[in-house]
Structure formats: structure tokens, C-alpha cells
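All remarks here apply to the structure that follows.
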Amino acid sequence: MPMFLFASCLSLALSLALPAVAQADGKPKQLVMISFDGAHDNALWTRSREIASRNGAHFTYFLSCTFLMNKAQAKAYQGPKQRVGKSNVGFAKSEDDVRTRIANIWGAHLEGHDISSHACGHFDGKGWSAADWKQEFMNARLALRDAWKNVGVADKEPQGWEDFATHDVKGFRAPYLSTSDGLVPAEKEMGFEYDASLVTKGPALPQVVDGIYRFGLPLIPEGPEHRLVIGMDYNLYVRHSKGAEDKANAKTYEDRTFDAFEAAFSKQYDGERIPLQLGFHFVEMNDGAYWRALDRFVSDVCHKQDVACVSYSEAIPLIASRGKPQQG
């Protein structure tokens, strides 16, 4: 379900779903789902929202909740099987930093983007039980729900924020894309509708596991040798420069990334119209090469006929309209 009010959600979903089953050539719309892990750097909040606005796109933001915590909360936070006060991705720089971030979150929510969960401390959950996952999900829910109050601006909290934070966060992506058997039961108990933690051999329709739509980032061909790589900026960063900054070759990396995205898109757009998912982080690697490729890609494809650049929750009814989804 989209991260805004239910009535708006239903209206938008229907407006997108109707043409998806009735194209002139019998093909469904080509869906493109762009997502961001972490969702912390406020400059990149601004930039991503501008890219989306300019191109009629909706994105999905997988938020790490430690970036909503003030110093006192950071000292008290404890992830499953972790020491108190630990986070693999750090915490908010300041309370002003949090105030700007929650304003961005609310603005994005009102614009129709998904605000989803990336848990809190970016820990590897491969050994976690359902109770461990639920603990981390509750930490995230409470951090989001109480964010305005915790940084001293309760009087500025938008009407509807508590309901949004408690009920409208419907998706999750696991840090490191690392999951366990306890994940789906915890997601179901917490009211999630989709998970985006898998990796697939190529673009693929989601499986439905115990009522949860399970999406996967695809392996896509990239580079002169067309070797497969996960369609995510970090994996491209490791492929291109072994995970070390290489500004001198940033334009080459940007062009290679753009070409890979375009080829993956064209294969589906001209073919079976399987949704294309691409993932990013709120970090500009290799001098921003991957964000520039993202901007170029979104600016090119989201305006094409029979293309919808949508959030994951918007994609679900469009995918469901194709017929019975695959059961996991």
C-alpha cells in the first residue's frame, strides 16, 4: 500500500492499474521501481525528490531508523544480539539534521513515495529469529512515530504523522540483503505487505510467501563483457573500482551504468514487460557516477509511452492485475 492516505492510494492505484491491463498491443505497462537504502543524507533527499518530480516518478525509500535518533536515543538503542549504542551506519549528526530529515520524509510521503523500512542499525540478520526481526521493526516504528517529539518540535508534527508512522510503512529491505527464516513471519506480524530483499537471475515478478510480496533486485549484464551484476549502485561500485573512490574514471563508470540500465530496460520494454527494479544508496560513490546515471535513466524512460515509474506498493496492484502471482 502506498505511503499516503488510503483514499488517495486507492484512487492512484486504480488510475494506474486500469491501463495496465488494456494496452493497444495487449502488453501491460512497463514498470520501473527505483529504491534507496538508508535514506539519510538530506541533500540526496532533496535531489531524489527533484528527480522524481521532474519525471513523474514515485520512488521507494528504505529508511534506517538510527538517522532519526538524538544522542540520548543513540546511547539507549540496542539491536538484536548487539551491544547497547551500536550501529553499523552511525546515527544522526544532530537534532537539526533529524528535523530536516523528518520534514523530507513527510514531504516525500505527501508526494506519493513509499517510506519503507531498512530496520535501524544495519545489522546482518541471517541468524535472527522472528522475535529478533520484530524487535528491530518495533525499534524502527517507534523511532519514526516519536521523531518530532524526540527532537523538540512536537508542536510542528504534521497531522496524520502518527498514523502514517504506525500503519503506512508497508515494505522492508534487509541490510546486506541478508535474511533468515524468521523474517517473513515477523513481517507478517508487523503488517508489512512486501519485502525487497531478494536477488533474482534477471528481472522477475515477485513471489507471494504467506501473503508477503517478495521482490528481488535483478542481475543485469554490465560492461564490455556483459557480465552479470546486481542492479544496485554499491555492487557496481565494487565491480568498477573495487569499492574505492576513483574520481578520474567516474564518467566511464557513469556511462557504463547508464548503458546497463538502458539495456536491461529495453529488453523488458520490447519483450515481456517484467518490472525492472534498481537499487541505490544515499551515498555518492565514484564522485556521484551512479546518481548521475540514475538521473539520466529516469529522465529518459519515465516519459516513454506505456511506462510507469512507481513505488513498490503502487506496483503490487498493477502486477496483481496480470493474473495470479507465483506462490513461494
Side-chain angles (χ1 to χ4, degrees), residues 2-4 8-9 11-25 27-37 39 44-62 104 107-116 171 194 196 203 205-206 215 217-218 220 222 231-233 236 254-282 288-319 321-322:
M3 304 306 140
F4 48 106
S8 298
C9 156
S11 174
L12 179 57
L14 289 175
S15 69
L16 288 170
L18 290 175
V21 295
Q23 299 304 327
D25 59 2
K27 288 186 175 182
K29 282 193 176 232
Q30 176 63 52
L31 304 184
V32 177
M33 290 110 85
I34 304 293
S35 59
F36 301 93
D37 290 8
L44 294 178
W45 266 111
T46 299
R47 184 174 176 186
S48 63
R49 290 172 63 193
E50 188 276 328
I51 292 172
S53 176
R54 175 161 35 88
N55 295 291
H58 286 159
F59 297 149
T60 301
Y61 296 91
F62 292 104
N104 271 310
H109 166 71
L110 295 178
E111 290 159 6
H113 302 289
D114 270 13
I115 308 299
S116 291
Y194 68 88
L205 291 169
F215 292 90
L217 289 168
I220 61 173
E222 188 277 335
M232 194 171 213
D233 56 358
L236 290 158
E254 174 190 337
D255 290 343
R256 280 179 53 165
T257 299
F258 175 73
D259 290 344
F261 291 168
E262 287 278 317
F265 169 85
S266 295
K267 181 177 180 180
Q268 296 307 320
Y269 185 64
D270 298 333
E272 297 183 44
R273 298 276 175 96
I274 303 299
L276 177 63
Q277 303 167 61
L278 298 172
F280 298 84
H281 292 78
F282 265 33
Y290 310 106
W291 274 72
R292 289 193 297 275
L294 165 67
D295 195 342
R296 290 168 58 188
F297 175 72
V298 171
S299 298
D300 180 46
V301 305
C302 293
H303 299 280
K304 291 183 183 293
Q305 185 177 3
D306 295 346
V307 173
C309 292
V310 295
S311 67
Y312 278 96
S313 56
E314 289 171 329
I316 287 174
L318 303 182
I319 292 169
S321 72
R322 300 184 181 196

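In this chain, residues are counted from 1 in sequence order. Bear in mind the structure is a predicted one, so any value in this text is a computation, not a measurement.
A distance of 11.5 Å separates CD of Glu262 from OH of Tyr269, quoted to the nearest 0.5 Å. Taken to the nearest 0.5 Å, the OH atom of Tyr312 stands 10.0 Å off from the CG atom of Asp114. Distance check, rounded to the nearest 0.5 Å: CD of Glu272 to CD of Gln30 gives 10.5 Å.
Checked against side chain to side chain donor-acceptor pair (under 3.5 Å), Glu50 has the following partners two or more places apart in sequence or in another chain: Arg54. Residues passing the ring-ring contact (aromatic ring centres under 6.0 Å, His included) test with Phe297 are Phe261, sequence neighbours excluded. With sequence neighbours left out, the salt bridge (charged side-chain N to carboxylate O under 4.0 Å, His left out) criterion links Asp255 to Lys251, Arg296. Residues meeting the side chain to side chain donor-acceptor pair (under 3.5 Å) test with Arg256, sequence neighbours left out: Glu222. Qualifying salt bridge (charged side-chain N to carboxylate O under 4.0 Å, His left out) partners for Asp233, counting only residues two or more places apart in sequence or in other chains: none. Residues satisfying the side chain to side chain donor-acceptor pair (under 3.5 Å) criterion with Asp300, sequence neighbours excluded, are absent altogether. Scored by the side chain to side chain donor-acceptor pair (under 3.5 Å) test, Tyr290 finds His240, Asn286 as partners (sequence neighbours excluded). Partners of Ala315 by side chain to side chain contact (heavy atoms under 4.5 Å, CB included), not counting sequence neighbours, listed by chain and number: Leu31, Met33, Val310, Ile319. The ring-ring contact (aromatic ring centres under 6.0 Å, His included) test applied to Phe258 returns no partner, not counting sequence neighbours.
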Checklist entry - Going through the checks in order, is the side-chain contact (heavy atoms from CB on, under 4.5 Å) test met by Phe265 and Val307? => result CA-CA 10 Å; Phe265 169 85; Val307 173; 3.7 Å; yes
Checklist entry - side-chain contact (heavy atoms from CB on, under 4.5 Å) between Trp45 and Phe36: does it pass, once the steps are laid out? => result CA-CA 10 Å; Trp45 266 111; Phe36 301 93; over 6 Å; no
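No donor-acceptor distance shorter than 3.5 angstrom exists from the side chain of His58 to the backbone of Ser311, with no hydrogens or angles considered. Proximity of a side-chain donor or acceptor of Ser53 to a complementary backbone N or O of Arg49 within less than 3.5 Å is not detected. Between the side chain of Trp291 and the backbone N or O of Phe282, no donor-acceptor pair lies under 3.5 Å. Within the 3.5 Å criterion, the main-chain N or O of Cys309 finds no donor-acceptor partner in the side chain of Lys29. The closest donor-acceptor contact from the side chain of Thr257 to the backbone of Ala293 lies at 3.5 Å or more, if one exists at all.
Looking only at side-chain heavy atoms (C-beta outward), Leu44 and His281 stay at 4.5 Å or farther from each other. Side-chain contact between Asp37 and Met232 is present, with at least one heavy-atom pair separated by less than 4.5 Å.
For Leu294 against Ile34, the heavy-atom pair with the smallest separation is CD1-CG2, 3.8 Å. Nearest heavy atom pair, residue Pro275 against residue Arg322, reads CD-NH1, 4.0 Å. Nearest heavy-atom pair, Phe215 versus Ile316, reported as atom, atom and distance to 0.1 Å: CZ-CG1, 3.9 Å. Between Gly231 and Leu217, the shortest heavy-atom distance links the atoms O-CD2, 4.1 Å. Residues Phe59 and His113 share a closest heavy-atom pair of N-ND1, 2.8 Å. The minimum heavy-atom distance linking Asp306 with Arg273 is given by the pair CB-NH1, 3.7 Å.
Side chains of Tyr61 and Asn104: a donor-acceptor N/O pair is absent below 3.5 angstrom, by distance only.
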